[in-house]
Amino acid sequence: MVDNQIVAVCADDYSLSYGVSAGILEALDAGRLTAVSALVNGSRWSAMGLELSRRGRNADIGLHFNLTLGRPLSSMPQFAPNGEFPPLSKVVQMAFGRRLPMDEIRTEIDRQFDRFEAVIDRPPDHVDGHQHIHVLPGIRTALLDAMEARKLGGRAWVRDAGDGLHRILLRGINARKALSALSLAGGFRREVRQRGFGVNDGFAGFSNFHPSFDYAKIFQSYLRAPGSRHLIMCHPGHVDEELRRLDPVTITREQELAFLLSTRLPEMLEKRGLRLGRLSQADRNLSAEQTAAQ
């Protein structure tokens with residue numbers, strides 16, 4: 001591990017509810033996040049997105065592409081016949097059975113990009129997927145096609161949710177979820193890099209979302225065996241009635257937020273010679289160094 005190596009910490013599910021968004025903004029204001037991934041298909045996005053744009057200048061703001069929560073922005077009579085996205089299990093089955101209605105999904109991808117840009121007034125710094133659906137066969141290619149069409153090569157990075165097997169085993173905690181993501185993401189990194197997009201090297205943050213667990217201890221495991229462009233996802237926020245109605249993950253969001261705002265995070269990073277950083281900024285610094293060396 002190189003001393004003072006950058007670690008990116010990304011909060012997922014921004015605009016899921018007012019409470020979740022407010023908590024993420026608190027962590028952002030405190031300098032404890034370097035990236036935020038936003039859901040754009042809900043009613044909260046327009047107002048909360050403007051606030052994120054105003055207060056998120058020191059973080060990467062990305063699209064949390066969504067096909068499993070809430071309502072689509074476009075007409076999807078095959079994929080979402082009742083007007084609601086299907087559960088993750090069904091999407092996975094359809095993806096590996098090659099039964100996804102790709103025309104509908106391509107349209108929805110464009111709608112979500114458009115809605116992101118209409119509020120933030122620029123393209124996303126990065127792209128990932130709610131429940132990691134962006135790594136699934138068919139969806140991944142359509143998403144990268146859309147990014148290419150929008151000329152995001154060299155400008156946006158993409159989350160690889162599958163880390164190396166040895167790193168997963170060294171961390172130990174929540175290995176089952178990490179191994180599941182690794183199996184779903186087979187070949188994803190290669191496809192992303194072939195298309196000319198940046199990608200993280202090293203990924204952690206899987207949780208069982210059980211309130212009895214010590215999140216600080218879990219986070220400590222995320223820092224073991226970091227990759228050269230290590231990315232940690234998290235799910236901080238405040239619990240409100242809107243969140244309780246939409247998502248089963250509630251109390252642990254408060255616990256994650258409390259940890260992020262505490263002194264324990266910077267202490268952990270300093271002890272390991274790590275520091276928080278933006279992956280987009282790391283890309284720009286590397287490009288500048290390469291240019292200077294030529």
Side-chain angles (χ1 to χ4, degrees), residues 1-2 5-10 12 34-35 37 60 62-67 88 91-92 95-96 98 100 102 105-106 109 113 123-171 174-206 221-234 274 277-287 290:
M1 182 180 68
V2 179
Q5 177 183 329
I6 282 178
V7 171
V9 177
C10 180
D12 286 359
T34 62
S37 289
D60 291 339
L63 173 64
H64 201 46
F65 179 61
N66 176 27
L67 288 175
L88 175 63
V91 180
V92 171
F96 283 95
R98 298 186 179 182
L100 289 170
M102 291 309 305
I105 287 174
R106 291 187 190 97
I109 288 171
F113 268 106
D125 296 310
H126 67 275
V127 176
D128 53 43
H130 187 57
Q131 298 184 308
H132 312 299
I133 50 92
H134 67 297
V135 306
L136 295 176
I139 296 172
R140 65 170 69 170
T141 301
L143 200 57
L144 294 172
D145 286 345
M147 292 178 69
E148 274 190 352
R150 291 166 186 265
K151 303 187 185 307
L152 295 182
R155 300 170 61 191
W157 54 271
V158 183
R159 176 186 294 181
D160 179 9
D163 205 353
L165 177 60
H166 65 293
R167 292 174 183 158
I168 293 172
L169 296 178
L170 280 171
R171 290 180 200 126
N174 297 310
R176 181 175 295 180
K177 280 191 173 182
L179 290 170
S180 177
L182 177 61
S183 66
L184 293 176
F188 180 74
R189 167 183 289 273
R190 181 173 60 254
E191 188 168 353
V192 171
R193 297 180 94 169
Q194 286 175 346
R195 297 290 201 96
F197 299 105
V199 64
N200 54 292
D201 172 45
F203 183 70
F206 292 100
S221 75
Y222 299 157
L223 298 175
R224 291 184 202 137
S228 60
R229 294 166 51 80
H230 198 52
L231 174 62
I232 298 173
M233 69 173 171
C234 59
L274 302 170
R278 298 170 59 179
L279 293 189
S280 63
Q281 190 64 53
D283 288 339
R284 286 192 286 270
N285 291 343
L286 179 60
S287 296
Q290 291 173 337

> Hey, is Arg229 close enough to Asp160 for a salt bridge, meaning N to O under 4.0 Å?
Replying inline: no
List the residues meeting salt bridge (charged side-chain N to carboxylate O under 4.0 Å, His left out) with [X], not counting sequence neighbours, and say none if there are none.
X: Arg171; result: Asp163
X: Asp145; result: Arg195
X: Arg193; result: none
X: Arg224; result: none

>> Holding to side chain to side chain contact (heavy atoms under 4.5 Å, CB included), I want the full list of residues that pass it with Leu170, two or more places apart in sequence or in another chain.
In response: Ala225
>> According to side chain to side chain contact (heavy atoms under 4.5 Å, CB included), who are the partners of Ser37, at least two apart in sequence or on a separate chain?
In response: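 Here the qualifying residues are Cys10, Asp12, His64, His126, Asp128, Arg159.
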> With distance as the sole test, does Gln281 use its side chain to make a donor-acceptor pair with the main-chain N or O of Asp60 at under 3.5 Å?
Replying inline: no
>> In the structure I gave you, are the side-chain heavy atoms of Arg167 and Phe203 within less than 4.5 Å of one another anywhere?
In response: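 Heavy-atom side-chain distance check fails, nothing below 4.5 Å.
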> Which residues pass the ring pair (Phe, Tyr, Trp, His ring centres under 6.0 Å) test with Phe65, sequence neighbours left out?
Replying inline: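 With sequence neighbours excluded, Phe65 shows a ring pair (Phe, Tyr, Trp, His ring centres under 6.0 Å) to no residue whatsoever.
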> ring pair (Phe, Tyr, Trp, His ring centres under 6.0 Å) with His134: which residues, sequence neighbours excluded?
Replying inline: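 Residues passing ring pair (Phe, Tyr, Trp, His ring centres under 6.0 Å) with His134: Phe188.
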> Out of curiosity, Asp125 CG to Ser280 OG, how far, rounded to the nearest 0.5 Å?
Replying inline: 5.0 Å
>> Among Leu143, Val135, Val127, Leu144, which residue satisfies the side chain to side chain contact (heavy atoms under 4.5 Å, CB included) criterion with Val192?
In response: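 Exactly one candidate clears the test, Leu144.
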> What residues, two or more places apart in sequence or in another chain, satisfy side-chain hydrogen bond (donor to acceptor under 3.5 Å, both in side chains) together with Ser180?
Replying inline: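 Listed in chain order: nothing, the list is empty.
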>> The criterion is side-chain hydrogen bond (donor to acceptor under 3.5 Å, both in side chains); which residues satisfy it with Thr141, sequence neighbours excluded?
In response: Glu191
